[in-house]
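Side-chain atoms are counted along with the backbone in the values below, which use heavy atoms only and exclude waters and symmetry mates. Order of the sequence lines sets the chain letters (A, B, ...), proteins ahead of strands, with each chain counted from 1.
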Amino acid sequence: MIDRREFRKSFDAMQAQLARRGAGVVADGSAWGRARKLDVRQRELKTELEALQAERNRVSKLIGQKKAQGEDAAAELAAMQDVAIRTKALDAEAKAAEDAFATILLEIPNPPHASVPDGNDENDNVEIHCWGDPRQDAVPPHWEIGTALGILDFEAGAKLAGSRFTVLRGMGSRLVRGLMQFMLDLHVDKHGCGEVWVPAIVNRKTMTGTGQLPKFADDLYKLEDEDAYLIPTAEVPVTNLYQDTILDADTLPIRHCAYTPCFRREAGSAGQDVRGMIRQHQFDKVELVHLTRPAQVLDDLQILTGHAEAVLQALELPYRLIELCAGDLGFSAQKTFDLEVWLPSQNTYREISSCSSFGQFQGRRAGIRYRDENGKPQPVATLNGSGVAIGRCLVAILENGWQADGSLLIPAALQPYVGGQSHIDVAVC
RNA sequence: GGAAGGGUGGCAGAGUUGGUCGAAUGCACCGGUCUUGAAAACCGGCAAGGGGCAACCCUUCGUGGGUUCGAAUCCCACCCCUUCCGCCA
């Protein structure tokens with residue numbers, strides 16, 4: 001969430017930054033467009049209420065003193081009865097105004113960082129660099145490769161749960177298990193991340209802390225009998241590990257990695273990537289989460305992105321790194337680099353990791369703070385990125401490791417994690 | 001799910017005949033004295049959020065209601081934690 005004080009003091013500057021996401025973001029009817037009026041209203045009522053409360057407190061104290069000394073306080077008592085009634089009414093009004101403002105604040109996206117390139121959508125994203133040699137020969141789509149090898153079973157997934165669910169068999173399952181282990185080991189042993197294992201169900205407050213709620217409820221699976229949700233990414237529980245806490249500055253930066261399953265309703269993506277396992281309702285991911293000092297956040301974004309890149313390099317998967325333009329940025333993000341892995345069947349790069357800085361946006365929402373040099377609590381800066389999405393990584397391994405005879409080469413770095421096997425042969429049956 | 005106990009500042013922990021309690025005390029932390037330096041000891045400071053140039057004011061003792069001129073303290077509901085019982089991977 002944006003900073004209230006900055007909102008008032010630097011309204012125009014903030015609006016200019018927000019507008020880079022698209023004109024609609026600061027339009028009259030938008031959250032931003034309505035926020036200013038609500039803020040003024042809320043402060044007016046609060047000022048009025050506080051004056052009344054001050055009067056009430058003053059006289060109440062006096063009544064207490066008089067009574068303690070055995071004096072008569074009937075006059076004060078009578079006068080205060082009316083004040084009490086007015087205070088109660090005003091309090092309700094002020095609270096409603098504050099709630100309205102607070103709610104609207106939660107729906108205003110993070111202003112892009114000044115360094116983010118201009119642009120309207122994904123077509124305006126900027127390529128930073130490429131890595132590896134993308135194979136150019138004809139390769140079948142991963143669902144054909146996987147089905148032929150007998151390791152992907154889309155029919156079983158559909159039977160059990162519906163579309164966008166997949167069953168993995170044999171080496172398919174083992175590859176996923178191996179990938180998870182491989183990625184975690186890399187981040188823990190080589191990158192110094194602290195591994196955590198967290199709940200895949202979280203409450204509303206936690207979902208709000210990182211920005212999924214209130215605005216994106218439609219993307220989430222909600223439990224029917226409880227005010228709880230299935231996580232769409234480990235970012236949610238891992239970042240919120242520190243919600244409502246004040247961290248000692250010398251504990252920063254904090255770097256975590258975590259494996260979790262992820263659940264997304266994929267509302268609004270009907271027709272996209274319906275075949276295969278690019279876009280699933282349930283998928284697995286190893287996530288990287290950093291908490292750091294705000295001044296350091298861009299340096300940490302480089303580090304975090306580097307950790308994600310290391311995964312693809314170790315697996316010898318060609319990819320490119322792009323920076324999202326202002327118009328393509330996610331709601332909570334201030335600056336984002338995407339890693340896109342090469343998928344030869346589509347002759348294109350597809351997102352496999354998204355690494356973002358959130359500035360203090362999430363820290364402010366979730367109440368994650370640290371004490372600065374002056375001992376004053378400040379919201380921490382947060383970052384996260386996939387390191388990396390396991391399902392899509394499996395897709396990339398299938399397509400990039402496919403051999404013309406139908407067999408599959410397993411990346412050398414992964415082989416120790418799948419029982420030393422170097423390839424998967426065509427199913428003979 | 002049932003029973004009992006409990007949720008207070010960064011942490012620990014007082015405070016339940018309602019009233020100078022935003023809250024004793026200890027630890028941690030910051031500044032100072034002392035010391036060659038450090039430790040110890042001693043002195044001082046130290047909750048968060050909001051409003052105001054400031055003096056100062058308001059809010060917050062799990063959450064939300066209620067009673068009252070006034071609630072950390074009384075009443076109601078809910079949430080969470082601990083222990084015991086039940087159930088269970």
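- Between the C1' atoms of B:rG26 and B:rU35, the separation comes to 27 Å (whole Å).
- Residues in residues 155-202 of chain A take part in these ring-ring contact (aromatic ring centres under 6.0 Å, His included) pairs, two or more places apart or across chains: A:Phe165-A:His281, A:Phe182-A:Tyr417, A:His187-A:His191, A:His191-A:His307, A:Trp197-A:Tyr259.
- Checking the phosphate oxygens (OP1, OP2) of B:rC69, no side-chain nitrogen or oxygen of A:Arg86 falls inside 4.0 Å.
- Between the P atoms of B:rU73 and B:rG62, the separation comes to 8 Å (whole Å).
- Looking at heavy-atom distances under 4.0 Å, A:Arg369 makes contact with sugar-phosphate atoms alone, never a base.
- Other residues, nucleotides and ligands contribute more than 12 heavy atoms inside 6.0 Å of the CD atom of A:Gln296.
- Annotation: side chain of A:Leu152 is in contact with side chain of A:Leu398 (closest heavy-atom distance under 4.5 Å).
- Here, B:rA55 and B:rA41 have their C1' atoms 38 Å apart, quoted to the whole Å.
- Spacing between B:rU20 and B:rA72 at atom P, rounded to whole Å, works out to 9 Å.
- B:rG44 is paired with B:rC30 under the Watson-Crick or G-U wobble criterion, all donor-acceptor distances under 3.5 Å.
- Pair assignment for B:rA14 gives none, since no Watson-Crick or G-U wobble pairing has each distance under 3.5 Å.
- A:Glu266 and A:Ser269 share a side-chain donor-acceptor pair at under 3.5 Å.
- Within 4.0 Å (heavy atoms only), A:Arg5 reaches sugar-phosphate atoms of the nucleic acid but no base atom.
- Between A:Lys88 and B:rC69 there is no side-chain N or O to OP1 or OP2 distance below 4.0 Å.
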Once base and sugar-phosphate atoms are separated, protein heavy atoms under 4.0 Å mark nucleotides 52-62 of chain B, 5' to 3', with B, S and - as S----SBS---
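- Between the P atom of B:rG70 and the CG atom of A:Asp91 lies a distance of 12 Å, rounded to the nearest Å.
- Atom CZ of A:Arg56 has more than 12 neighbouring heavy atoms from other residues, nucleotides or ligands inside a 6.0 Å radius.
- One interatomic measurement links the two molecules: NZ of A:Lys376 to C1' of B:rC30, which rounds to 16 Å at whole-angstrom precision.
- A donor atom on one side chain and an acceptor atom on the other are found under 3.5 Å apart for A:Ser357 and A:Gln334.
- There is a side-chain donor-acceptor pair under 3.5 Å between A:Thr292 and A:Asp300.
- Side-chain atoms of A:Pro377 lie closest to B:rG49 of the nucleotides B:rG49, B:rG50, B:rG70.
- In this structure, the CZ atom of A:Phe101 is 17 Å from the P atom of B:rG49, given to the nearest Å.
- If you take CG of A:Asp82 and P of B:rU68, they are 15 Å apart, rounded to a whole angstrom.
- When rounded to the nearest whole Å, the span between CD of A:Glu226 and P of B:rC79 equals 10 Å.
- Judged by Watson-Crick or G-U wobble contacts below 3.5 Å, the nucleotide B:rA23 has no partner.
- In this model, a donor atom of one side chain and an acceptor atom of the other lie less than 3.5 Å apart for A:Tyr229 and A:Arg204.
- Nearest-nucleotide assignment on RNA chain B puts the 5′-proximal partner with A:Arg4, out of A:Met80 and A:Arg4.
- In this structure, B:rU82 forms a base pair with B:rA4, meeting either the Watson-Crick or the G-U wobble geometry with both donor-acceptor distances under 3.5 Å.
- With C1' as the reference atom, B:rA14 and B:rG70 are 23 Å apart, rounded to whole Å.
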Nucleotide by nucleotide, nucleotides 16-21 of chain B touches protein heavy atoms under 4.0 Å in the pattern (B base, S sugar-phosphate only, - none) ---BB-
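- The separation of B:rA12 from B:rA71, taken at their C1' atoms, amounts to 25 Å, rounded to a whole angstrom.
- The nearest whole Å value for the distance from the CZ atom in A:Arg204 to the C1' atom in B:rC80 is 18 Å.
- A:Arg20 has its side chain within reach of A:Asp118: a pair of non-hydrogen atoms, C-beta onward, lies under 4.5 Å apart.
- The CZ atom of A:Arg41 sits 18 Å away from the C1' atom of B:rG50 (whole-angstrom rounding).
- If you take atom C1' in B:rC46 and the same atom in B:rG22, they sit 14 Å apart, rounded to whole Å.
- Atom P of nucleotide B:rU63 and atom NZ of A:Lys205 are separated by 10 Å, given to the nearest angstrom.
- Ring pair A:Phe331/A:Phe361 is perpendicular by interplanar angle, where above 60° counts as perpendicular and below 30° as parallel.
- Residue A:Arg8 places its CZ atom among more than 12 non-hydrogen atoms of other residues, nucleotides or ligands, all under 6.0 Å distant.
- Between the C1' atoms of B:rG6 and B:rU63, the separation comes to 16 Å (whole Å).
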